[in-house]
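Structure, as structure tokens:
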Amino acid sequence: MDESKSLNFIEQIIEEDLESGRHSTITTRFPPEPNGYLHLGHAKSICLNFGLAERYNGTCNLRFDDTNPEKEDVEYVDSIKEDVKWLGFNWNGEAHYASDYFDQLYEFAVELIKSGHAYIDDQTVDEMSTSRGTPTRPGKESPFRDRSVEENLELLEGMKSGEFAEGTRVLRAKIDMASPNMHMRDPVLYRIKHAEHHRTGATWFIYPTYDFAHGQSDSIEKVTHSLCTLEFEVHRPLYNWMIETLQIYPSRQIEFARLNLTYTVLSKRKLLQLVEEKRVTGWDDPRMPTISGIRRRGYTPNSIRNFADKIGIAKRDNLIDVALLEHSVREDLNKKSWRKLGILDPIKLIISNFPEDKIEYMQGINNPEDESAGKREIPFSKELYIERSDFMEDPPKKFFRLGPGREVRLKFAYIVQCVDFKKNSQGEIAEVHCTYDPATRSGSDTTGKKVKGTLGWVSAEHSIDAEIRLYDRLFLTEDLGAVDDDFKNHLNPKSLEVIESAKVESSLESATPGDQFQFERQGYFIVDNDSSEGKLVFNRTVSLRDNWAKGKP
RNA sequence: UGACCCAUGGUGUAACGGUAGCACUACAGAUUUUGGUUCUGUUAGUCAAGGUUCGAAUCCUUGUGGGUCAACCA
């Protein structure tokens, strides 16, 4: 189908492996630590791992890398599962956990000791840190490095049964303290933690480190291609050392560049700060780049998957323009959303020659991109609301909207001409007075009249009030990776503007949370969960492209 | 001041020794009862210098620039 599409470097590796017969099928995995909410960076990885499995008829596991109990929680496990499902992916079988393998991992540790490849080190954290050396200077071997197998086994057993206090000793691999790769200088394999684990409870007093758990878990699950981000590149020699030394299934680690987005932070640590310091309302604040945030904002699974597709996979560092993300939602929503009329900042428009009590029903096209969406009836009357920005007392030539004497079409309705306007005591426009031409009714216009502008409107009497939350980018700085002061200094103070009483068309009365619409000429909106009986709350997902606003100074 | 990784328009990403293509952005035009959509077009790129070759974005060397690594985090 997409034969013509060029392959990224990982797909090339996979196809080679398939062709050479090295693998007959592939297994990938998405391995989050359940210590926070997933964000767009994870979405890239999810789409990669699950997408590859789909494409090559393989399988993709969901595996929680839960080796650090203090930071982890089931709350995160649940949200991660929900987010993966929301993106439309199904993991193979049940979710897996590194903690499922704690017994096996312990056996591996015993094995390493027996073969002389691991030892218990009693040095303090500081001692170990100094003896590890620096990237430019080799480290020194620990004085405990040559303990006997028996003693090591005994001590490990002691660590396991909780005999020793936290921090008193660790299990280390015996590799090479002079290696130019810091990760090969006798890395820590097990540390003592007398902590409650969200799944294994209090059964363990020792927990494996990432380096001892991750690769082995891949191997246990017979993961063929273990994809991770570039910063793990230096761990690969260790990953392979474990496979060779333990003689276990040879999963292959392949690294790709993580996602960076303009005007966005994608780091669990920083996002956590925003939540904890209440700079946002929570992990699912619609301004957050978390999956739960963008979902609430109105981004669709489809738009995220398309986005992931467009940004590609490579090894070079990148900074993706957030405009590409916005393009992806607009593309998706344009095809699917039903159009509605909604006025964010209303002013009255009164049609002086329209009968006082008359109500006419206009035919509204639900979606010009999809004829099967059909039409709806929209009540039209003498008093309407239009957008404040659609009228100017003294408009420039290129302004295609209303001004004294000017004519515009009211969408799906009549052409009106402005004959007068009134201001309030603050000097703001309060009312615009027009006359309409009955012969210009939409669909049966006999005049052949052409106007430059078409305006949205709602009937004053029939429209319903709504709260609309307009979101803008959370940060003002394009490349937040390049700032050296506190990233929070770059927060956009106007990232949220709440409009308390917008006027929207009456057909929205039955809208429920999660429903998505386009307000014509405005943007895409989703009904928020904060909506209650009689009070709709909309989140603006993204505005429409606006070539007029762009041209203005 | 060591090891490893990376370098293609403004931003991403292809081209696998043989015409540098695609998407986004920007700009211009056409269509339009959304200043939306759609369509057409324009600007714009191989980090540098050497080398190999009939031919180099691609291979080699050197340089330059960027990134990663010194948690009992992942």
Query - Nucleotide nearest A:I320 (side chain, heavy atoms from C-beta), chosen from B:C69, B:G35, B:G12 - result: B:G12
Requested in this report: Could you check whether A:L455 gets within reach of a base, just the sugar-phosphate, or nothing at all, counting any heavy atom under 4.0 Å?
Outcome: nothing
Query raised in the report: Contact class for A:P31 (heavy atom, under 4.0 Å): base, sugar-phosphate, or nothing?
Result: nothing
Query raised in the report: On RNA chain B, nearest-nucleotide positions of A:V188 versus A:T440: which is more 5'?
Result: A:T440
Requested in this report: Indicate whether OP1 or OP2 belonging to B:G36 is found under 4.0 Å from a side-chain N or O atom of A:N547.
Outcome: yes
Report summary line: B:A49 -> Watson-Crick or G-U wobble partner, both distances under 3.5 Å, gives B:U61
Report task. Quick one: label A:R339 by what it contacts on the DNA or RNA (base, sugar-phosphate, nothing), any heavy atom closer than 4.0 Å. Result -> base
Requested in this report: For nucleotides B:G21 and B:G9, find the distance between their P atoms and express it as a whole number of Å.
Outcome: 14 Å
Query raised in the report: Do A:Y76 and A:F64 have their ring centres less than 6.0 Å from each other?
Result: no
Report task. Return no unless some side-chain N or O of A:R191 is found under 4.0 Å from OP1 or OP2 of B:A74. Result -> yes
**Report entry** Euclidean distance, atom OH of residue A:Y263 to atom C1' of B:C24 [Å, nearest integer]
**Finding:** 15 Å
Requested in this report: Give a yes/no on whether any side-chain N or O of A:T67 is located under 4.0 angstrom from OP1 or OP2 of B:C73.
Outcome: no
Query raised in the report: If we call it a pair only when both distances are under 3.5 Å in a Watson-Crick or G-U wobble match, what pairs with B:U68?
Result: B:A3
Query raised in the report: Can you tell if the side chain of A:S131 reaches within under 4.5 Å of the side chain of A:Q123, non-hydrogen atoms only?
Result: yes
Requested in this report: Only one of A:K450, A:K449, A:Q417 passes side-chain hydrogen bond (donor to acceptor under 3.5 Å, both in side chains) with A:E407; say which it is.
Outcome: A:K449
Query - For B:U19, the Watson-Crick or wobble counterpart (both distances under 3.5 Å) - result: none
Query raised in the report: Hey, does the side chain of A:H327 come within less than 4.0 Å of B:C24's phosphate (OP1/OP2), counting only N and O?
Result: yes
**Report entry** Qualifying residue, where the test is side-chain hydrogen bond (donor to acceptor under 3.5 Å, both in side chains) with A:N35 and the options are A:E70, A:K71, A:K268, A:E72
**Finding:** A:K268
Report task. Kindly state whether the ring of A:F519 and the ring of A:F538 have centres lying under 6.0 angstrom apart. Result -> yes
Report summary line: From the candidates B:G66, B:C73, B:C5, the one with an atom nearest any side-chain atom of A:D317 is B:G66
Query raised in the report: What is the nucleic acid contact for A:F399, judged by heavy atoms within less than 4.0 Å: base, sugar-phosphate only, or nothing?
Result: base
Requested in this report: Quick one: label A:F232 by what it contacts on the DNA or RNA (base, sugar-phosphate, nothing), any heavy atom closer than 4.0 Å.
Outcome: base
Requested in this report: Go through B:A14, B:U25, B:U34 for me and flag the one nearest to the A:S6 side chain.
Outcome: B:A14
Requested in this report: Establish, for the pair A:R199 and A:Y97, whether the NZ or CZ atom is under 6.0 angstrom from the six-membered ring centre and no further than 45 degrees off its axis.
Outcome: yes
Query raised in the report: Is there a Watson-Crick or G-U wobble partner for B:A26 with both distances under 3.5 Å, and if so, which one is it?
Result: B:U42
Requested in this report: Could you check which of B:A14, B:G2, B:C24 has an atom nearest any side-chain atom of A:L324?
Outcome: B:C24
Requested in this report: Classify the nucleic acid contact of A:F412 as base, sugar-phosphate or nothing, counting any heavy atom under 4.0 Å across all strands shown.
Outcome: base
Report task. Identify whether any heavy atom of A:T209 sits under 4.0 Å from a base atom; if not, whether one sits that close to sugar-phosphate; answer base, sugar-phosphate or nothing. Result -> sugar-phosphate
Report summary line: Of the listed B:U33, B:U13, B:A74, the closest approach to the A:R316 side chain comes from B:U13
Query raised in the report: Reckon A:E255 touches a base, only the sugar-phosphate, or nothing at all at heavy-atom distances under 4.0 Å?
Result: nothing
Query raised in the report: Taking the C1' atom of each, how far is B:U42 from B:C6, in whole Å?
Result: 32 Å
Query - Candidate nucleotides B:G35, B:U25, B:A74, ranked by approach to the side chain of A:D546 - the nearest - result: B:G35
Query raised in the report: Does A:K193 make a side-chain N or O approach to OP1 or OP2 of B:C73 shorter than 4.0 Å?
Result: yes
Query raised in the report: Think A:R258 has a side-chain N or O under 4.0 angstrom from the OP1 or OP2 of B:G67?
Result: no
Report task. Assess the pair A:F256 and A:F9: is the distance between their ring centroids shorter than 6.0 Å? Result -> no
Requested in this report: Kindly say whether, by distance alone, the side chain of A:E233 makes a donor-acceptor pair under 3.5 Å with the base of B:G67?
Outcome: no
Query raised in the report: Across the strands shown, which category fits A:K71 at heavy-atom distances under 4.0 angstrom: base, sugar-phosphate, nothing?
Result: sugar-phosphate
Query - Whole-Å distance separating the CD1 atom of A:I313 from the C1' atom of B:A14 - result: 14 Å
Query raised in the report: Would you call B:A28 syn or anti, using the 90° rule around 0?
Result: anti
Report summary line: Closest to the side chain of A:T136, out of B:G2, B:C73, B:U13, is B:G2
Requested in this report: Could you please name the option among B:C72, B:A74, B:U33 that lies closest to any side-chain atom of A:H235?
Outcome: B:A74
Report summary line: Rounded to whole Å, the CD-C1' distance (A:E11 to B:A14) equals 12 Å
Query raised in the report: B:U33, B:U68, B:U25: which one has an atom nearest the side-chain heavy atoms of A:R545?
Result: B:U25
Requested in this report: Just call it for A:G453: base, sugar-phosphate, or nothing, with non-hydrogen atoms closer than 4.0 Å on any strand.
Outcome: nothing
Report task. Flag the pair A:H235 / A:Y239 as yes when their ring centroid distance falls below 6.0 Å, and as no otherwise. Result -> no
Requested in this report: Go through the N and O atoms of the side chain of A:R521 and the base of B:U34, and report whether any donor-acceptor pair is under 3.5 Å.
Outcome: no
Query raised in the report: Mapping A:R132 and A:P180 onto RNA chain B by nearest heavy atom, which one lands closer to the 5' end?
Result: A:P180
Requested in this report: Name the closest nucleotide to the A:W548 side chain, picking from B:U37, B:G35, B:A74.
Outcome: B:G35
Query raised in the report: Taking N and O atoms by type only, does the side chain of A:Q522 place a donor or acceptor under 3.5 Å from a partner on the base of B:U34?
Result: no
